[in-house]
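Here's the structure, in structure tokens; my notes come after.
Since this is a predicted model, take the numbers as computed values, not measurements. For the numbers below, each heavy atom of this structure counts, side chains included, while hydrogens, waters and symmetry mates do not.
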Amino acid sequence: MTAARKQTIFAQGEAADAVFYIQRGKVRLSVVSQAGKEATIGILNEGNFFGEGALAGQTLRMLSAAAMTDCELLRVDKKAMMDALHREHAFSDMFVAYLLAPECSLRRDLVDQLFNLVRRD
């Protein structure tokens, strides 16, 4: 599927029924609070997945996704993605590693900050 610059790919509150893979372009993930404040959660590039909350039991999108540039996206229905993860072990391993990478990086940064704080007396 293609998405033109500034086009909404999915909106917060819509059904979480697919995962997306960015083949070309940039995507902005954002969230709007109940008070109406908007925050950017992430900016994704080629090779990134998004919408994976659909695989974790989310029935509704917690975020919105919009194209920052003209994009070429691969949209994979939730059932097809689950089938591929069960059937294709190499793909499953790669996808799990992709999902865990930010968590590992976050923990590494936290440990680094905890042990490298400058103490002021």
**Message:** Taking the side chain as everything from C-beta on, heavy atoms only, tell me whether Lys37 gets closer than 4.5 Å to Val32.
**Reply:**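 A side-chain contact is absent here, since even the closest heavy-atom pair is not under 4.5 Å.
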
**Prompt:** Side chains of Val19 and Leu55: closer than 4.5 Å at any heavy-atom pair?
**Reply:**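 They are in side-chain contact.
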
**Message:** So does Ala35 get a backbone contact from the side chain of Ser33, meaning a donor-acceptor N/O pair under 3.5 Å?
**Reply:**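 It does hold such a pair.
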
Using the test side chain to side chain donor-acceptor pair (under 3.5 Å), find all partners of [X] that sit at least two apart in sequence or belong to another chain.
X: Ser30; value: Glu38
X: Thr59; value: none
X: Lys79; value: Asp83

**Residues forming a ring-ring contact (aromatic ring centres under 6.0 Å, His included) with Tyr21, sequence neighbours excluded** =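 Only Phe49 meet the ring-ring contact (aromatic ring centres under 6.0 Å, His included) criterion with Tyr21.
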
Does any pair with a residue in [range] pass ring pair (Phe, Tyr, Trp, His ring centres under 6.0 Å), and if so which ones, sequence neighbours excluded?
range: residues 52-83; value: none
range: residues 62-82; value: none
range: residues 54-94; value: none

When rounded to the nearest 0.5 angstrom, what is the spacing between [atom1] in [X] and [atom2] in [Y]?
X: Ile41; Y: Arg28; atom1: CD1; atom2: CZ; result: 9.0 Å
X: Met1; Y: Phe20; atom1: CE; atom2: CZ; result: 5.5 Å
X: Met94; Y: Glu88; atom1: CE; atom2: CD; result: 11.0 Å

**Message:** Would a single hydrophobic cluster contain both Val31 and Ile9, if residues Ile, Leu, Val, Met, Phe, Trp and Tyr are joined by side-chain heavy-atom contacts under 4.5 Å?
**Reply:**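 Looking at the clustering, Val31 is in the same group as Ile9.
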
**Message:** If hydrophobic clusters are built from ILVMFWY residues whose side chains come within less than 4.5 Å, do Phe50 and Phe95 share one?
**Reply:**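 No: no chain of side-chain contacts under 4.5 Å links Phe50 to Phe95.
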
Side-chain atoms of residues 61-76: list all donor-acceptor pairs with protein atoms under 3.5 Å, sequence neighbours left out, distances to 0.1 Å.
from: Arg61; atom 1: NH1; to: Ala18; atom 2: O; distance (Å): 3.3
from: Arg61; atom 1: NH1; to: Gly51; atom 2: O; distance (Å): 3.2
from: Arg61; atom 1: NH2; to: Ala18; atom 2: O; distance (Å): 2.8
from: Ser64; atom 1: OG; to: Gln12; atom 2: N; distance (Å): 2.8
from: Thr69; atom 1: OG1; to: Lys26; atom 2: N; distance (Å): 3.0
from: Asp70; atom 1: OD1; to: Arg5; atom 2: N; distance (Å): 2.9
from: Arg75; atom 1: NH1; to: Asp77; atom 2: OD1; distance (Å): 2.4
from: Arg75; atom 1: NH2; to: Asp17; atom 2: OD1; distance (Å): 3.1
from: Arg75; atom 1: NH2; to: Asp17; atom 2: OD2; distance (Å): 3.3

**Request:** Name all pairs fulfilling the side chain to side chain donor-acceptor pair (under 3.5 Å) condition that reach into residues 44-54, sequence neighbours left out, sorted by first residue then second.
**Result:**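 Output for this query lists Asn48-Tyr98.
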
